[in-house]
Amino acid sequence: MSALEIARKKISFDVNKLSHFIWEGEERFKRFMAFQKLCGSDPLLRNNPKDIGIGRAETYELYARKMKKLLEVADLRDIKEFATLIYPEALVSSLNYEMFMPTIMNLGTEEQVKLFYEPASRWEILGCYSQTELAHGSDINRIETTATYDKQTKSFIINTPSLKATKWWGSDMGITATHVVTQAQLFIDGKRCGVQNFVVQIRDVKTHQTLPGILVGDIGAKFGYNSKDNGYLRFDNVRIPKVNMLSKYVNVSDDGQFTKTGDDKVWHATMQLMRQHFLDSVWKCLGIGLTIVIRYSLQRKQFKDSLGQEIPIFDYQLQQHKLIPLIAEMYGCMLGSKKVFAMAQDNVARIKQKNDFSKMMEVHVVLSASKAYYTWNCFFALEKVRQCAGGHGYSYYSGIPPLITEMSPCVVAEGDNTVLSLSVGKVLLMYLNKAMQSGKAPNTTCDYLEDVFNYLTELKQPLVSKECTRDLNKVLAALRYNVAFNVANAGQKLQTLMGDKGLTFKEATDKHLGILLQEIAHTQSNYWTYRTFLEEANALTDPNIKSALTQLCLLYGLNKILEQQGQLFEYGVLSGPQFVWVRETRDELISNLKDNALGLVEAIAYDDNSVRSAIGDSQGNPYEKLYHWAKDLNPLNEPEFHEQVFKTIKTIRTASPHAKL
């Protein structure tokens, strides 16, 4: 038997059952597998190692053809749900259904849905989304693009008043899209009415030529996402009909009266759904990387044991300690992402059906903290994965480098992680003030605020014995203490800054509390994710899967304690000997989980075409496949290429005055 076959026999649970859990049911899992089979069996849709290293123009054209083929042979629901991680590059025109259509549906009236959403759903128009400008991204209120209402013609005039106001980074905007949802400062009779959303046609639907007053193009090569034509866009007094301002919650009457319905933050509900797509992608991205490196580590052998037998590198303790905690991280992100998505969907439904905005801030806290720390954690984890694959991990044929480039934009796109974490910290400080006045936490997300100051005076150490470090609820209590102390500490410093020094809330938080605010968000994410992981593990019915995921959950929690040991020691929550117990229990868990590592990553169920790795496919034989890809599928080794470059090589050799041919 091969090394992978031997490892699979050691798995203690049914991998297929775990796959059903991960993919939220057998029916969806079957759809996912069928979609992968479709992509892997089609000559155009399958991943081809020969495409590695092709230029941007060729990459764009290839992924445009892949999208066309998918729309012909696959269900759009499956494309939206499953296509993202199957390819190393993003599909051309995907912003049409990822951002343009959801924005119209959530912010548009019934008339606007018919006017823009329905033709986009039939691919008669191609939409994109462009908020960021050259000089402003996160600070949306300071964007400079203007939309001036003209009462006489009942239209808006969209204009780019300066170079800094040039729209920048919009995906699918440089070459592909015919329409864009963009944000601009609305002015009526010289009065600023805030940032609003407008649909602007930028290209002719029939000829695809740029329309008058529009200056648009591609911004150039990037660290990744090079199939995407991220674009720049400028408006030279472009006139659009009044109906092109998305008006479900805001309205401009014919005579120029501006009115709002509901919370003016409704726009963020749509952004929340878009942000959640990153959460869904990052754990899958890490999962593919872990699948590759765990399989490779079970087959790669280095150095001999006392019997003269070469040792698989996964048998080394250090390799296990590098990788198995990352499996726990991946599952924490996965389960947290699923809960965040349910919360965000519920929030949008409440707004649509009842005009109920009561969950908006709670979802903002959970989603923003999760987006920041899940994307950061998975991005850094993938670099560790690459290093754990040694020299071969540096090769694109390993499949790991493209995962890193695919992950890299996630830490800044749809909300810069630093800005999001600061925002979470500020909201939790406001929640602290409310809790002090009412004696109750505003919501279950921050339940620790009910008795936050009791923690300061009546501290009860949760891990008073080594046995306690194996108690899932006591680990939860330690993480609860951690975030509670951080909020209380920041609250006391804020009170001093505002009371004794007379600073405003903004001055205090912007200039003096940034580090503490970020720590609040970090420990809030750790606590909430572990609590979610624990709830999901407790709800499992299959005893073998429950045992494996419970151990993984505990490992996740203990790792988060060790990440924050300086704070926990400072606050008196844990002492030196207690940290020793935590590390000992963590080490025991890693050892216990070793035989299940392969099953935990293979349950994600990405097939060999989707994993796209020479060293990490399901059949093994990494050296044979790596050699085959390099020798037979590498365009630089084709005879035709050698003939083309020989003349150039010859000129290099003859360029030296000492050359003798």
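Salt-bridge check for D346 with K359: failed, with every basic side-chain N at 4.0 Å or more from each acidic carboxylate O. Salt-bridge formation is detected for the pair E329/K560: a Lys NZ or Arg NE/NH1/NH2 atom is positioned less than 4.0 Å from an Asp or Glu carboxylate oxygen. Ion pairing between D189 and K151 holds under the 4.0 Å rule for side-chain N and carboxylate O. The pair K164-E133 fails the salt-bridge criterion, with no side-chain N (NZ, NE, NH1 or NH2) lying under 4.0 Å from an Asp/Glu carboxylate O. Checked for salt-bridge contact, K339 and E535 meet the test: a charged N lies under 4.0 Å from a carboxylate O. Under the 4.0 Å criterion applied to side-chain N and carboxylate O atoms, D150 and K242 are not assigned as salt-bridge partners. Salt bridge status for R31 with D75: absent, with no side-chain N to carboxylate O gap under 4.0 Å.
The side chain to side chain contact (heavy atoms under 4.5 Å, CB included) test with H179 singles out one residue from V200, V199, N244, and that residue is V199.
Although no hydrogens or angles enter the test, the distance criterion places no donor-acceptor pair under 3.5 Å between the side chain of S525 and the main chain of A521. Between the side chain of T496 and the backbone N or O of Q492 there is at least one donor-acceptor pair closer than 3.5 Å. Here the side chain of S247 pairs no donor or acceptor atom with the backbone of N251 at under 3.5 angstrom. At least one donor-acceptor pair under 3.5 Å links the side chain of T166 to the backbone N or O of L163. A distance-only check finds a donor-acceptor pair linking the side chain of N417 to the backbone of A372 [under 3.5 Å]. Judged purely by atom type and a 3.5 angstrom limit, Y149 uses its side chain to pair as donor or acceptor with the backbone of D254. No donor-acceptor pair under 3.5 Å is formed between the side chain of K493 and the backbone N or O of A508. Remark: the backbone N or O of V366 is paired with a side-chain donor or acceptor of S370 at under 3.5 angstrom. Put simply, the side chain of R234 gets close to the backbone of S162: a donor and an acceptor are under 3.5 Å apart.
Closest of all the heavy-atom pairs between K228 and S94 is NZ-OG, 2.7 Å. Residues N96 and I125 approach most closely at OD1-O, 3.8 Å, considering heavy atoms. Here the shortest heavy-atom pairing between V181 and N197 reads CG1-OD1, 3.9 Å. Nearest approach of T145 to A165, heavy atoms of both residues: OG1-O, 3.3 Å. A pairwise comparison of heavy atoms in C128 and S171 identifies CB-O, 3.2 Å as the closest pair. For G491 against L432, the heavy-atom pair with the smallest separation is CA-CD2, 3.8 Å.
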(request) Output, in order, the C-alpha distance, side-chain angles, deciding distance and verdict of side-chain contact (heavy atoms from CB on, under 4.5 Å) for V195 and I143. (result) CA-CA 8 Å; V195 176; I143 66 169; 3.8 Å; yes

(message) Set out, in order, the CA-CA distance, both residues' side-chain angles and the distance that settles side-chain contact (heavy atoms from CB on, under 4.5 Å) for L429 and L517, then state yes or no.
(response) CA-CA 9 Å; L429 283 182; L517 292 175; 3.6 Å; yes

(message) Set out, in order, the CA-CA distance, both residues' side-chain angles and the distance that settles side-chain contact (heavy atoms from CB on, under 4.5 Å) for C446 and N443, then state yes or no.
(response) CA-CA 6 Å; C446 52; N443 51 63; 3.5 Å; yes

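Aromatic ring pairs are classed by plane angle as parallel below 30°, tilted from 30° to 60° and perpendicular above 60°; the pair F156 and F198 is perpendicular. Taking the six-membered ring where tryptophan is involved, the planes of Y373 and H522 are essentially parallel, since the angle between them stays under 30° and well short of 60°. Ring geometry for F341 against H277 counts as tilted: the plane angle lies between 30° and 60°, on a 0 to 90° scale. Relative ring orientation between Y87 and Y63 is described as perpendicular, the plane-to-plane angle rising above 60° on a 0-90° scale split at 30° and 60°.
With rounding to the nearest 0.5 Å, the separation of CG in N526 from CG in N377 is 7.5 Å. E450 contributes atom CD, which lies 10.0 Å from atom OG1 of T444 (distance to the nearest 0.5 angstrom). Of the inter-residue distances, the one linking L494 atom CG with N489 atom CG reads 11.5 Å to the nearest 0.5 angstrom. Here the CG atom belonging to D280 is positioned 12.5 Å from the OH atom belonging to Y374, to the nearest 0.5 angstrom.
With sequence neighbours left out, the salt bridge (charged side-chain N to carboxylate O under 4.0 Å, His left out) criterion links E507 to no other residue. Qualifying salt bridge (charged side-chain N to carboxylate O under 4.0 Å, His left out) partners for D447, counting only residues two or more places apart in sequence or in other chains: R480, R531. Remark: L335 engages F21, F533, E536 in a side-chain contact (heavy atoms from CB on, under 4.5 Å) (not counting sequence neighbours).
Remark: aromatic rings of Y129 and F100 are distant, center separation not under 6.0 Å.
Under the 6.0 Å distance and 45° angle rule, K222 does not count as a cation-pi partner of Y225.
Within the 4.5 Å cutoff, the side chain of W283 has no heavy atoms near those of the L279 side chain.
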